[in-house]
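Throughout, protein chains are lettered first and strands after them, A, B, ... in sequence-line order, and every chain is numbered starting at 1.
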Protein chains: 2
Amino acid sequence: MHQLPQISEAEYEVMKVVWEYAPIGTNEVVEKLSHTHDWSPKTVQTMLSRLAKKGVLTYEKDSRMFVYSPLVKQEDYIRQESDSFLNRFFNGNVGSMVSAFLDQEELSTNEIDELQALLKRKMKKGDS
Amino acid sequence: MHQLPQISEAEYEVMKVVWEYAPIGTNEVVEKLSHTHDWSPKTVQTMLSRLAKKGVLTYEKDSRMFVYSPLVKQEDYIRQESDSFLNRFFNGNVGSMVSAFLDQEELSTNEIDELQALLKRKMKKGDS
DNA sequence: CCTGTAAACTTACAAGTGTAATTTTAATTT
DNA sequence: AAATTAAAATTACACTTGTAAGTTTACAGG
């Protein structure tokens, strides 16, 4: 499993837009981000170039404009980061992690129910 | 909730030793890390100074040597990073996160059992 | 008391990141 | 075809991080 390129926090915000709306032009990316971030269009452009250089996305020309598409799947990237997070802080042990979240009282009764349902379904599948 | 200082990945490795063995001197930190990392003692010293400057740890002098102790609790730092991770990648939804781990087939039947036990216990507590 | 040595303090330097401004280029409008 | 203008390409710059090396200082031993 060859490592995916490193994506910085700000770059990731840009990628979220690309993942959701690709193929998407520079201006539209800027527009989408303007709702949630206070970034200059120049800044967004810089991040798009860096992402292209890193091979996270690619583009085609529509006359003079660029239209971007992802090269890396969001799911794959999230998987990589999840694994890294889990190892860094919980020695790779999902149980410790969930346990920590439970201790932090961050889960409502409903959320706990949901989790139990999830696990139950997973069990069934594993059985077969 | 005032933000804790930023701790880089390498710095975190150093902190793990400090958290586990504090109060601990520079040389002992270097020694502990030598088992798991290929870092020059100089590198470790740099990281210790940076951590002190950031206010993550403090030290006292034992004659000419420094003896370090943490100022930030590991648990607090992990909580902060966990929240940040969860928001960044799963919109703060623990269910989505666990669900993702389940989909990645990274949990053995045993681990799933463990999780279920955890949740059951948590439910009981929440009840009372 | 002088000196060697080990510790701490200061400096180094490239890569990555956040955050743009400036310059060039190519399409569009007169 | 020339001029306008909007996009892309290039340049900028400070801060953090990884990774140390060099320099100063103070204790311990002779």
Does a nitrogen or oxygen in the side chain of B:T43 sit under 4.0 Å from OP1 or OP2 of D:dA20?
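For D:dA20, OP1/OP2 do have a side-chain N/O of B:T43 under 4.0 Å.
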From A:E111 CD over to B:K122 NZ, what is the distance, rounded to the nearest 0.5 angstrom?
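Those atoms lie 12.0 Å apart.
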How close or far is atom [atom2] of [N] from atom [atom1] of [X], stated in whole angstroms?
X	N	atom1	atom2	answer
A:L48	C:dT19	CG	P	15 Å
A:E31	D:dA7	CD	P	14 Å
A:M47	C:dT19	CE	P	8 Å
A:L51	C:dG18	CG	P	10 Å

Taking only nitrogen or oxygen atoms into account, show me every contact under 3.5 Å that the protein makes with nucleotides 8-17 of chain D, one pair per line with its distance.
from   : atom 1 : to    : atom 2 : distance (Å)
D:dA8  : OP1    : A:F66 : N      : 2.4
D:dA8  : OP2    : A:T26 : OG1    : 3.2
D:dT17 : OP2    : B:K54 : NZ     : 2.7

Taking DNA chain D as the partner, which of residues 33-41 of chain B come within under 4.0 angstrom of it by heavy atom?
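Only B:W39, B:S40 qualify.
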Parallel under 30°, tilted from 30 to 60°, perpendicular over 60°: which one fits the rings of B:F85 and A:F85?
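Taking A:F85 first and then B:F85, their aromatic rings lie parallel (interplane angle under 30°).
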Could you check whether the rings of B:Y59 and B:F66 sit parallel, tilted or perpendicular, using 30° and 60° as the cut-offs?
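Ring orientation of B:Y59 relative to B:F66: parallel.
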Side-chain contact, heavy-atom cut-off 4.5 Å: B:I24 with B:V67?
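Side-chain contact under 4.5 Å: no.
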Would B:E11 and B:K54 count as a salt bridge (Lys or Arg N to Asp or Glu O under 4.0 Å) if you check the C-alpha gap in whole Å, the side-chain angles of each, and the deciding distance to 0.1 Å?
CA-CA 11 Å; B:E11 285 164 359; B:K54 290 180 182 185; 2.7 Å; yes
Thinking salt bridges, do A:R79 and A:E75 make one under a 4.0 Å N-O criterion?
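The answer is yes: the pair qualifies as a salt bridge.
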So among A:E31, A:K32, A:H37, which one has a side-chain hydrogen bond (donor to acceptor under 3.5 Å, both in side chains) with A:H35?
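With A:H35 as partner, A:E31, A:K32, A:H37 yield a single side-chain hydrogen bond (donor to acceptor under 3.5 Å, both in side chains), made by A:E31.
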Between B:Y12 and B:W19, is the side chain to side chain contact (heavy atoms under 4.5 Å, CB included) condition met? List the steps.
CA-CA 10 Å; B:Y12 188 76; B:W19 277 315; 3.4 Å; yes
